Amino acid sequence: MAAVLAIAFTAFGYQLHPFIRQQFPSHSVNGNDPSASPSAVVSGDIPEAYLGSWRTTISTAEGRNTRSLVVKQGRIGDYVLILVADGPAYHCVFTAPLAAVASGGGQVRLGPSILTSGVPKSSCAPGSATTLTLVSGNTLRRTNPETRETLTYAR
């Protein structure tokens with residue numbers, strides 16, 4: 001069991017590595033790295049209020065399940081969502097691209113997610129396109145437009 005957990009945490013860290021590198025770029029010793037300047041902040045199409053980490057829990061017959069997502073800045077087509085789904089018998093990491101942002105930023109549409117890692121993989125199925133709606137500054141709703149399934153996340 002310890003080996004499975006070690007592999008899961010290693011896979012999770014490996015999947016987040018590109019995101020962490022983008023959010024916290026290394027700086028040169030002499031301070032001349034252009035990524036160190038405030039103007040190097042990644043610009044994109046997602047309204048700032050959506051950015052950051054969000055979390056929810058789901059209770060099922062098997063136990064408590066958590067969903068943690070990170071929304072990072074990007075342009076249409078960029079992978080901007082990292083979703084980690086954890087349950088008593090699984091750990092899945094997905095990513096999804098930005099498909100569109102509604103005029104005025106009222107909704108953010110994501111394309112179908114892809115599985116980046118899973119333990120066991122048979123428990124992790126990629127999802128359909130979804131829509132993010134900011135309910136308040138600390139509440140985000142993720143909806144599957146086809147099934148109308150909704151999860152509400154908090155910061």
Side-chain angles (χ1 to χ4, degrees), residues 4-5 7-25 35 38-155:
V4 170
L5 287 174
I7 291 169
F9 284 115
T10 300
F12 177 68
Y14 177 76
Q15 295 302 321
L16 287 180
H17 186 262
F19 172 72
I20 291 168
R21 295 275 304 156
Q22 182 177 359
Q23 294 296 318
F24 304 101
S35 67
S39 63
V41 172
V42 176
S43 64
D45 297 321
I46 300 177
E48 188 173 329
Y50 285 85
L51 304 177
S53 299
W54 304 86
R55 184 177 171 92
T56 193
T57 58
I58 305 164
S59 295
T60 66
E62 290 79 31
R64 185 172 180 239
N65 300 265
T66 61
R67 301 291 183 270
S68 302
L69 60 89
V70 174
V71 179
K72 63 180 190 162
Q73 191 56 270
R75 301 254 180 227
I76 304 298
D78 292 344
Y79 283 85
V80 297
L81 178 92
I82 299 170
L83 172 67
V84 179
D86 283 311
Y90 66 90
H91 172 80
C92 309
V93 180
F94 303 92
T95 188
L98 178 62
V101 177
S103 172
Q107 290 186 329
V108 172
R109 288 186 296 172
L110 302 169
S113 65
I114 59 169
L115 178 65
T116 58
S117 69
V119 179
K121 269 192 171 179
S122 60
S123 295
C124 306
S128 305
T130 57
T131 301
L132 303 177
T133 306
L134 196 62
V135 178
S136 72
N138 293 320
T139 307
L140 180 77
R141 186 172 51 237
R142 185 169 179 233
T143 304
N144 179 326
E146 295 174 12
T147 64
R148 298 287 182 213
E149 181 182 354
T150 298
L151 284 176
T152 301
Y153 294 79
R155 284 201 194 268

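None of these values were measured; they are calculated from a predicted model.
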Distance in Å, [X] [atom1] paired with [Y] [atom2], rounded so as to fall on 0.5 Å steps:
X	Y	atom1	atom2	result
Leu69	Leu81	CG	CG	5.5 Å
Leu51	Lys72	CG	NZ	11.5 Å
Ile76	Ile46	CD1	CD1	8.0 Å
Leu132	Leu151	CG	CG	11.0 Å
Gln107	Tyr50	CD	OH	6.5 Å
Asp45	Asp78	CG	CG	8.0 Å

Just wondering, more than 12 heavy atoms not from Arg64 lying within 6.0 Å of its CZ? no
Would you say Arg67 has more than 12 foreign heavy atoms packed within less than 6.0 Å of its CZ? yes
Among Ile114, Leu110, Leu98, which residue meets the side-chain contact (heavy atoms from CB on, under 4.5 Å) test with Tyr79? Ile114
Side-chain touch Pro88/Asn65, heavy atoms, less than 4.5 angstrom: yes
Is there a side-chain contact between Ser43 and Arg75 in this structure, where contact means two heavy atoms from C-beta onward sitting under 4.5 Å apart? yes
Which atom names give the shortest non-hydrogen contact between [X] and [Y], and what distance separates them?
X	Y	result
Val93	His91	CG2-NE2, 3.6 Å
Ala125	Phe94	O-CE2, 3.4 Å
Ala89	Pro120	O-CD, 3.3 Å
Pro145	Thr143	CD-O, 3.3 Å
Trp54	Gly137	CH2-O, 3.9 Å
Pro112	Pro97	O-CD, 3.4 Å

Checking Arg141 against Thr152: is there a side-chain donor and acceptor pair closer than 3.5 Å? no
Backbone N or O of Val84 within a donor-acceptor pair of the Ser68 side chain at under 3.5 Å? no
Treating Ser113 as the side-chain partner and Ala96 as the backbone partner, does any N or O pair qualify as donor plus acceptor under 3.5 Å? no
Would you mind telling me which of Thr131, Thr130, Thr56, Thr133 makes a side-chain hydrogen bond (donor to acceptor under 3.5 Å, both in side chains) with Arg142? Thr130
